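Quick caveat: nothing in here was measured; it's all calculated off a predicted structure.
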Amino acid sequence: MEADKVSGVASMMYYPAQSQTPGQMISTSANAQGPAVETDTQGVPPASDQVRLTTPSATLKSLETVKTIEQIHAYRNQLVNDTRATNEALNKATGWLDQMQTNLTAITKNYPPFPLQDTKRKDLLMSYASIREEIVKMTVPAPPAPTYEKVKGMWSSLFGQNGQILPHAVPELHATSGDNEVKAAVTTLGTTGDRLAAISAGVTQTLARS
């Protein structure tokens, strides 16, 4: 009797346990708890289950901002170019005015005064007349609208609607013009030159502040 009990215990101790693979263990657990959810090795749901957030409105806003900046730059570039054209023409005009004043000053400052029939005097007056012909024919482009408002009064007193300088701003003289006419012309040319310089400075300062 005791021998049979010992034999039975020995049989239970050495009976090989049934082996299970990891997959089988997961399957069994799944069957017990419900359908299994497939996961990757790190436990993160597949990419197909993730929510992808896109913000097309944000990129569109950035694009519109870039376009606005481009338009601002284009506008400022055009403003600069137009102001430069005005200043270049004004500078050319003032250069001619300086030369005309130089010719007339050579007459008024000469001592003793030139006789009216003096050849050199006539040459200086003819040179003056030649330069004047050029300056009254030239066209000075008006400043662009934002800056024009700052110099409108001075501009309209010197230039016509066609951009040509008004005749009274540059007095007409002839080879036989007397000393009083020459002196009056020198004064007028000085005033015109100062106004042209003021216009140039005004539009440039307005551009710099814009």
Side-chain angles (χ1 to χ4, degrees), residues 71-210:
Q71 292 173 351
I72 292 173
H73 285 185
Y75 168 76
R76 286 189 59 81
N77 287 338
Q78 188 61 49
L79 193 62
V80 169
N81 290 336
D82 291 345
T83 302
R84 180 190 296 116
T86 298
N87 277 337
E88 287 176 348
L90 290 174
N91 183 65
K92 184 177 182 180
T94 55
W96 279 342
L97 289 176
D98 287 343
Q99 183 59 52
M100 295 166 76
Q101 279 188 293
T102 298
N103 290 348
L104 297 185
T105 302
I107 296 174
T108 60
K109 296 296 184 181
N110 189 72
Y111 187 83
F114 284 116
L116 290 179
Q117 301 303 319
D118 186 89
T119 303
K120 186 175 181 180
R121 177 190 171 95
K122 288 183 177 181
D123 289 343
L124 289 171
L125 288 173
M126 292 301 294
S127 176
Y128 173 94
S130 177
I131 298 173
R132 182 184 183 277
E133 185 178 352
E134 293 298 324
I135 198 172
V136 296
K137 288 192 305 183
M138 75 175 295
T139 299
V140 179
T147 56
Y148 174 76
E149 294 301 320
K150 301 297 182 180
V151 297
K152 181 168 58 176
M154 288 187 292
W155 183 270
S156 61
S157 70
L158 294 176
F159 296 96
Q161 294 183 350
N162 57 2
Q164 293 181 340
I165 195 164
L166 298 175
H168 71 79
V170 187
E172 185 176 7
L173 295 177
H174 306 282
T176 58
S177 296
D179 290 343
N180 289 337
E181 294 176 282
V182 172
K183 290 178 181 178
V186 170
T187 301
T188 301
L189 292 179
T191 300
T192 299
D194 291 343
R195 288 180 177 177
L196 293 181
I199 291 173
S200 179
V203 297
T204 301
Q205 291 172 3
T206 302
L207 175 65
R209 290 193 296 264
S210 63

Peer 1: Looking at L207 and T147, what are the two nearest heavy atoms and their distance?
Peer 2: N-CG2, 4.0 Å
Peer 1: For the backbone of P171 and the side chain of R132, can you confirm whether one donor and one acceptor N or O come within less than 3.5 Å of each other?
Peer 2: yes
Peer 1: Any sub-3.5 Å donor-acceptor pair from T102's side-chain atoms to D98's backbone N or O?
Peer 2: yes
Peer 1: What's the separation between atom OG1 in T192 and atom CE in M154, rounded to the nearest 0.5 Å?
Peer 2: 12.5 Å
Peer 1: Answer yes or no: does atom CE of M138 have more than 12 heavy-atom neighbours from other residues, nucleotides or ligands under 6.0 Å?
Peer 2: yes
Peer 1: Keeping the roles fixed (side chain from S177, backbone from H174), state whether a donor-acceptor pair exists under 3.5 Å.
Peer 2: yes
Peer 1: Quick one: does T94's side chain have a donor or acceptor within less than 3.5 Å of a partner on L90's backbone?
Peer 2: yes
Peer 1: Could you list all the salt bridge (Lys or Arg N to Asp or Glu O under 4.0 Å) pairs where at least one residue sits in residues 75-88, not counting sequence neighbours?
Peer 2: none
Peer 1: Side chains of R121 and L125, heavy atoms from C-beta outward: is any pair under 4.5 Å?
Peer 2: yes
Peer 1: Quick check against the 3.5 Å criterion: does T83 have a side-chain atom that pairs as donor or acceptor with the backbone of L79?
Peer 2: yes
Peer 1: Donor-acceptor pair, distance only, cut-off 3.5 Å: does the side chain of N110 make one with the backbone of P112?
Peer 2: yes
Peer 1: In chain order, what residues pass the salt bridge (charged side-chain N to carboxylate O under 4.0 Å, His left out) check against R195, with sequence neighbours excluded?
Peer 2: none
Peer 1: Donor-acceptor check, side chain of E134 to backbone of I131, threshold 3.5 angstrom: yes or no?
Peer 2: no
Peer 1: Which value, rounded to the nearest 0.5 Å, describes the distance between D179 atom CG and L104 atom CG?
Peer 2: 11.0 Å
Peer 1: Tell me if a side-chain donor or acceptor on N91 pairs with a main-chain N or O of N87 at a distance below 3.5 Å.
Peer 2: no
Peer 1: Kindly give the heavy-atom pair with the smallest separation between L173 and A129, and that separation in Å.
Peer 2: O-CB, 4.0 Å
